[in-house]
Amino acid sequence: MHALSKQFRLSRIADLVEAKILRTRFAPSPTGYLHVGGARTALYNYLVTQKAKKDGLGEFILRIEDTDEERNRDEWTKGIIESLKWLGIDWDLGPFFQSQRLDLYKESADRLFQNELSYWCDCTREEIDRRNKENSRPPGYDRFCRDRGLDQAPGRVLRFMVPSEGKTTVNDVIRGEVVVENRVIEDFAIMKANNAPLFVLANTIDDIDMEITHVIRGEEHLPNTPKVILLWQALHGKLDSAADSQRALPTFAHLPLLVNEQRQKLSKRRDKVAVEDYRDQGILPEAMVNYLALLGWGPGNDREFLNLQEMIELFDLTKVNLAPAFFDEKKLAHFNGTYIRDLDIDRFTLEARPWLSYPKATWAESDFDLTIWSQVAPLIKERVATFSEIPPMAGFFFLNDVPMDPDAWNKAVAGNEFSLDVLERSLEYYQKCEWDTQVLHLGLSNIADTIGKKLGKIQAPLRVAITGRTVGPPLFESMCILGRGKVVNRIGLAIERVKTGYSPTEPNQSKELEN
RNA sequence: GGCCCCAUCGUCUAGUGGCCUAGGACACUACCCUCUCAAGGUAGAGACACGGGUUCGAAUCCCGUUGGGGCUGCCA
């Protein structure tokens with residue numbers, strides 16, 4: 001795939017205009033996991049191109065912006081790609097790596113210099129700050145080296161010569177016109193001293209070279225869009241062939257930021273943002289994509305549940321919201337629960353697989369029983385919002401030593417005056433009754449009548465004795481699946497514990513350490 | 001500090017000058033269903049930030065205020 005990078009050059013401009021192609025790109029930097037904001041950006045880029053495909057031509061490019069050697073790591077690139085695939089966001093071309101295209105940026109930078117559109121600068125950050133302070137100027141580059149005629153040399157950066165007059169207008173499909181006076185734009189650096197291009201240069205050159213028609217990205221990029229436009233014009237107007245210079249700027253679309261509860265931009269340092277983390281927690285990709293799509297956009301008609309195909313059909317970039325959106329894990333979980341309940345049982349088991357064994361499961365591999373699981377799965381499927389809820393809910397089916405929740409025991413058994421009575425009568429009945437859900441149910445109903453309590457009250461001590469918790473899948477189905485032996489044993493154990501004043505502490509974690 | 005963006009229930013949103021007594025969803029409360037928990041059902045509470053215009057009429061258009069956010073690197 002690297003081989004393609006260098007020779008990226010698609011069809012002729014004229015053909016493209018004729019064909020009305022719409023081309024977007026998602027350009028992550030591999031300095032961390034794919035985060036939810038990036039995922040949404042990728043999704044929107046994907047949606048518009050896939051829709052364009054239906055009426056003509058659309059192409060979605062994946063471009064890895066790995067020009068900063070210090071920060072990039074191959075594993076991040078891999079992770080980002082895997083996460084995109086997991087979400088079902090597929091690209092038509094790429095991935096292209098900027099690190100494979102450095103010559104291109106170098107050439108363009110040289111041409112900018114030769115045409116006196118950029119200059120070399122040897123100021124250090126400290127010097128710039130000091131001068132600004134002395135002249136009580138705001139931070140930013142003071143154009144100190146603009147007329148010094150410096151040549152390239154070690155320690156020098158190349159700066160773009162921003163016109164001091166006029167204004168630059170960003171035409172944004174979702175925000176309208178954003179006008180910035182050129183004089184407030186500093187002469188920004190475009191090449192580092194080590195000959196590597198800076199983001200704004202490489203990004204602009206690639207968007208030109210790859211003939212991107214729509215630049216769809218986060219709002220944090222809006223402030224440097226005027227720089228992109230200035231660069232674009234410099235590269236086109238004075239440097240390129242006549243054909244290329246006719247090319248219009250791409251259409252820009254700056255998406256509202258995804259924010260945390262404090263309404264700050266989601267950051268990987270302080271917020272949970274990695275798509276992978278949500279996957280590991282048991283979120284389904286289709287739920288994630290669906291939820292993400294709704295952050296900043298809605299199809300109208302009070303509709304919320306959409307699959308990718310429907311999104312492609314309905315998505316409209318011009319109707320994207322302008323205000324930042326809070327990423328609400330609760331609502332995501334709700335979506336996920338709905339998607340899980342819609343799964344057929346085979347897919348449910350397939351997706352649940354990681355939570356059925358070590359390290360996510362609380363039981364050992366040897367304790368797992370597929371026959372039991374296949375009976376249990378339908379009961380569990382209706383009751384979890386994420387897969388990570390499976391181990392605590394289903395543990396009692398597989399574990400020999402069922403962890404006892406102290407609160408449950410204290411409330412429903414130890415602190416309950418009729419619990420011993422219930423357990424003893426249950427034991428007697430369940431030792432010899434027919435082993436059938438209906439019969440198991442009937443037996444406890446009868447005991448409830450005898451004691452003069454509601455079944456709802458009576459089931460609590462029995463449930464805790466058998467499952468270790470007050471909540472869980474339906475009790476009689478569970479008992480039926482578990483079998484007489486285990487049920488009777490657990491009731492017996494509970495009776496003994498009541499009599500000996502058993503007091504559970506924290507759930508027993510020692511088993512896990514042995515694995 | 002400078003530049004820029006934004007503003008409908010707590011949250012995500014519908015709404016593009018009359019259909020708005022502002023709709024839906026999550027979360028919340030109550031009730032129903034019920035062997036627990038979920039799910040489901042019913043009901044409830046809950047918003048157009050503020051002030052000026054424009055207009056017969058404004059959540060919707062304009063201006064200002066306030067509040068929030070982003071950017072301000074030899075990061076992307």
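Across B/rA76, B/rG69, B/rC5, the shortest atom-to-atom separation from the side chain of A/Leu222 is found for B/rC5. Between B/rG69, B/rG73, B/rA39, one nucleotide has an atom nearer to the side chain of A/Arg341 than all others, and that is B/rA39. Side-chain proximity of A/Lys319 to the nucleotides B/rG15, B/rG69, B/rG73 is greatest for B/rG15. Comparing B/rG73, B/rC26, B/rU36 by their nearest atom to the side chain of A/His334 picks out B/rC26. Of the listed nucleotides (B/rG24, B/rG15, B/rU36), B/rG24 has the atom at the smallest distance from the side chain of A/Glu304. For A/Arg71, taking side-chain heavy atoms from C-beta onward, the closest of the listed nucleotides B/rC74, B/rC3, B/rG73 is B/rG73. The side chain of A/Ala189 lies closest to B/rC74, out of B/rC35, B/rC74, B/rC26. Closest to the A/Leu322 side chain, of the nucleotides B/rC6, B/rA76, B/rU72, is B/rC6. The side chain of A/His441 has B/rC35 as its nearest neighbour among B/rC35, B/rC37, B/rA76. The A/Leu475 side chain lies nearest to B/rC35 when the options are B/rC35, B/rG69, B/rA76.
Counted within 6.0 Å of NZ on A/Lys457, heavy atoms from surrounding residues, nucleotides or ligands total 12 or fewer; the atom is thus considered open.
Salt-bridge check for A/Asp405 with A/Lys411: failed, with every basic side-chain N at 4.0 Å or more from each acidic carboxylate O.
Taking the C1' atom of each, B/rA39 and B/rC33 are spaced 11 Å apart, rounded to whole Å. Between B/rU42 and B/rG51, the two P atoms lie 38 Å apart (nearest whole Å). Spacing between B/rA27 and B/rU11 at atom C1', rounded to whole Å, works out to 8 Å. Rounded to a whole angstrom, the distance from the C1' atom of B/rG69 to that of B/rG53 is 28 Å. As rounded to the nearest Å, B/rC31 and B/rA45 have C1' atoms that lie 15 Å from one another. The C1' atoms of B/rU60 and B/rG15 are separated by 8 Å, rounded to the nearest whole Å. The same atom, C1', is picked in B/rC9 and in B/rG44; the two are 14 Å apart, to the nearest Å. For the C1' atoms, the distance linking B/rG40 with B/rU55 amounts to 48 Å, nearest Å.
In this entry B/rU11 has B/rA25 as its Watson-Crick or G-U wobble partner, both defining distances falling under 3.5 Å. Base pairing of B/rC50: its partner is B/rG64, meeting the Watson-Crick or G-U wobble criterion (both donor-acceptor distances under 3.5 Å). Remark: B/rG1 base-pairs with B/rU72; criterion is Watson-Crick or G-U wobble with both hydrogen-bond distances under 3.5 Å. In this structure, B/rU42 forms a base pair with B/rA30, meeting either the Watson-Crick or the G-U wobble geometry with both donor-acceptor distances under 3.5 Å.
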A/Glu286/A/Arg347 under salt bridge (Lys or Arg N to Asp or Glu O under 4.0 Å): CA gap, chis, key distance, verdict: CA-CA 13 Å; A/Glu286 48 268 62; A/Arg347 170 91 195 281; 2.9 Å; yes

Could you go through the side chain to side chain donor-acceptor pair (under 3.5 Å) check for A/Asn336 and A/Thr386 one step at a time? CA-CA 6 Å; A/Asn336 203 55; A/Thr386 64; 5.5 Å; no

Determine, stepwise, if the pair A/Asp271 / A/Gln264 fulfils side chain to side chain donor-acceptor pair (under 3.5 Å). CA-CA 10 Å; A/Asp271 305 303; A/Gln264 297 162 311; over 6 Å; no

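A residue-by-residue look at A/Pro138 and A/Arg303 shows that A/Pro138 has its nearest nucleotide of RNA chain B further toward the 5' end. Mapped onto RNA chain B by nearest heavy atom, A/Gly456 and A/Asp68 fall at different nucleotides, with A/Gly456 at the one closer to the 5' end.
Residue contacts for A/Val178: at a heavy-atom cut-off of 4.0 Å it reaches the sugar-phosphate backbone alone, with no base atom in range. A/His254 comes within contact range of no nucleotide atom at all, as no heavy-atom separation falls under 4.0 Å. Looking at heavy-atom distances under 4.0 Å, A/Thr67 makes contact with sugar-phosphate atoms alone, never a base. Counting non-hydrogen atoms under 4.0 angstrom, A/Ala460 reaches nothing in the nucleic acid. Contact annotation for A/Gly296: backbone-only contact, meaning every heavy-atom pair under 4.0 Å involves sugar-phosphate atoms and none involves a base. Residue-level contact check: A/Glu477 touches the bases, meaning some heavy atom is under 4.0 Å from a base atom. Within 4.0 Å (heavy atoms only), A/Pro226 reaches no atom of the nucleic acid at all. Nucleic acid contact for A/Arg156: none, since no nucleic acid atom lies under 4.0 Å from a heavy atom of the residue. Across all strands, A/Pro139 comes closer than 4.0 Å to base atoms (heavy-atom distances). Within 4.0 Å of A/Phe326, counting heavy atoms only, lie sugar-phosphate atoms of the nucleic acid but no base atom. At a threshold of 4.0 angstrom between heavy atoms, the contacts of A/Arg217 with the nucleic acid are absent.
For B/rA14, the OP1/OP2 oxygens have a side-chain nitrogen or oxygen of A/Asn321 closer than 4.0 Å. Regarding contacts with the backbone of B/rG73, a side-chain N or O of A/Arg125 is found under 4.0 angstrom from either OP1 or OP2. Side-chain N/O atoms of A/Arg263 include one lying less than 4.0 angstrom from OP1 or OP2 on B/rC12. OP1 or OP2 of B/rC71 sits under 4.0 Å from a side-chain N or O of A/Lys265.
Distance, A/Asn171 CG to B/rC5 C1': 16 Å, rounded to whole Å. For the pair A/Phe387 CZ and B/rA38 P, the interatomic distance rounds to 20 Å; values are reported in whole Å. Rounded to whole Å, the distance from CG on A/Asp302 to P on B/rU13 is 15 Å. As a whole-Å value, the separation of A/Lys227 NZ from B/rC75 C1' is 12 Å. For the pair A/Glu261 CD and B/rA27 C1', the computed distance is 12 Å after rounding to whole Å. If you measure from atom CD of A/Glu186 to atom C1' of B/rG73, you get 9 Å, rounded to the nearest angstrom. In this structure, the OH atom of A/Tyr429 is 16 Å from the P atom of B/rC35, given to the nearest Å. A/Leu332 places its CG atom 18 Å from the P atom of B/rA25, with the value rounded to the nearest Å.
Side-chain atoms of A/Lys331 and base atoms of B/rA27 include no donor and acceptor less than 3.5 Å apart. A/Arg383 contributes a side-chain N or O that forms a donor-acceptor pair with the base of B/rC37 under 3.5 Å.
Checked against a 6.0 Å centroid threshold, the rings of A/His214 and A/Tyr44 do not count as neighbours. Ring centroid separation for the pair A/Tyr278 and A/Phe327 comes in under the 6.0 Å cut-off.
Interatomic distance, CD of A/Gln459 versus NZ of A/Lys454, reported as 14.0 Å (0.5 Å rounding).
Cation-pi contact between A/Arg101 and A/Phe97: absent, since separation from the ring centre below 6.0 Å together with deviation from the ring axis within 45° is not met. A/Lys486 forms no cation-pi arrangement with A/Phe397, by the criterion of a distance under 6.0 Å to the ring centre and an angle within 45° of the ring axis.
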